[in-house]
Amino acid sequence: MTERAAIRSSFSRAATRYAAAAGLQRVVCDRLLELLPDRSAGLVLDLGCGTGFASTGLHARFPQATHCAVDFSLGMLRAHERGSGVTRVCADAHRLPLASASADIVFSSLMLQWCDLPVALAECRRVLRDGGHMCFSTVLLGTLAEIDDAFAGLDAHRHTVSFPAPGALAAALAGSGFTADLMRSEMHVEYFADARALLQSNRDIGASRVPDGARRALLGRAALRQVCDRLEARREALGLPLTYQLAWVVARASSGDRS
Ligand SMILES: C[S@@+](CC[C@H](N)C(=O)[O-])C[C@H]1O[C@@H](n2cnc3c(N)ncnc32)[C@H](O)[C@@H]1O
């Protein structure tokens with residue numbers, strides 16, 4: 001299975017549990033909605049829409065626009081809230097089935113960290129008109145560091161994706177023909193009662209990169225115990241920490257840079 005197919009199937013497996021487990025994702029999405037530019041729009045994309053956390057907010061903000069919710073996970077699209085006049089499209093953000101210069105707003109909450117950043121940003125730039133807005137949230141280097149550390153040396157898998165450093169994000173934006181109007185970042189720590197709850201929560205939001213079966217096959221009971229012990233060793237008064245380096249970006253498609 002290719003990397004992208006593994007990510008897609010992980011989100012599809014998580015689709016029915018996602019909305020209940022994704023408290024932080026909802027807050028991040030709501031904060032991104034607050035940063036939307038004050039302008040009108042003809043076509044608005046919710047890229048990596050998941051179960052549709054942004055749907056109501058995007059409709060309220062752009063009531064006259066055509067709304068298109070895009071995700072490459074059929075499971076997520078099936079779980080997407082319906083009845084809001086949104087067209088749901090199953091497509092990969094790296095290759096969108098949309099004409100160049102057709103969209104005014106690309107809204108994307110917590111999807112880009114799963115993508116090849118320069119490729120996905122260039123594709124967003126292609127579908128945006130000059131002056132169109134790319135509004136996204138993502139996570140940066142340091143996110144889920146506790147999980148990476150807990151599994152270090154125990155198997156051959158990476159258990160999280162390689163999240164970009166802030167400089168790499170800024171460079172990818174500029175290199176894809178965007179001018180950043182706003183970049184905001186913030187560290188957030190979630191706390192869990194125990195290691196099992198921490199790892200399960202990561203699976204429920206689709207963020208676990210190794211399928212459950214493969215994890216069991218690769219990690220014996222002793223190694224899994226070690227993972228739990230390493231997570232447990234970090235316990236604080238509020239529980240076991242899991243770190244997110246969050247970022248919100250509003251960028252404009254500069255003229256003349258469409259590839
Ligand atoms: C963490 S969820 C966020 C969902 C939603 N935006 C939210 O705020 O709840 C990430 C979503 O991005 C989708 N996704 C990841 N990579 C994608 C890609 N290359 N193309 C399209 N969708 C993708 C996943 O299927 C998943 O639904």
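Indexing begins at 1, ligand by ligand and atom by atom, following the structure's order. Treat the numbers as computed from the prediction; the structure is a model and nothing was measured. Hydrogens, waters and symmetry mates play no part in the numbers below; they use all other heavy atoms, side chains included.
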Starting from the N and O atoms of ligand 1, find every protein N or O within less than 3.5 Å and list the pair with its distance.
from     : atom 1 : to   : atom 2 : distance (Å)
ligand 1 : 6 (N)  : G48  : O      : 2.7
ligand 1 : 6 (N)  : S109 : O      : 2.9
ligand 1 : 9 (O)  : Y18  : OH     : 2.7
ligand 1 : 19 (N) : D92  : OD1    : 3.0
ligand 1 : 20 (N) : A93  : N      : 2.9
ligand 1 : 22 (N) : F72  : N      : 3.2
ligand 1 : 25 (O) : D71  : OD1    : 2.6
ligand 1 : 27 (O) : D71  : OD1    : 3.4
ligand 1 : 27 (O) : D71  : OD2    : 2.6

Next item on the list: Kindly assign one of parallel, tilted or perpendicular to the pair F163 and W114, based on the angle between their ring planes and the thresholds 30° and 60°.
Entry: perpendicular
Next item on the list: Would you mind listing every ring pair (Phe, Tyr, Trp, His ring centres under 6.0 Å) that reaches into residues 223-255, with sequence neighbours excluded?
Entry: none
Item checked: Check ion pair R31-E34 (N to O, under 4.0 angstrom) -> no
Notebook entry, point to check: Less than 4.0 Å between a side-chain N and a carboxylate O, is that true for R8 and D92?
Noted result: no
Next item on the list: Report the residues that fulfil ring pair (Phe, Tyr, Trp, His ring centres under 6.0 Å) with F53, sequence neighbours left out, ordered by chain and then residue number.
Entry: Y18
Item checked: Partner residues of D149 under the salt bridge (Lys or Arg N to Asp or Glu O under 4.0 Å) criterion, sequence neighbours left out -> R234
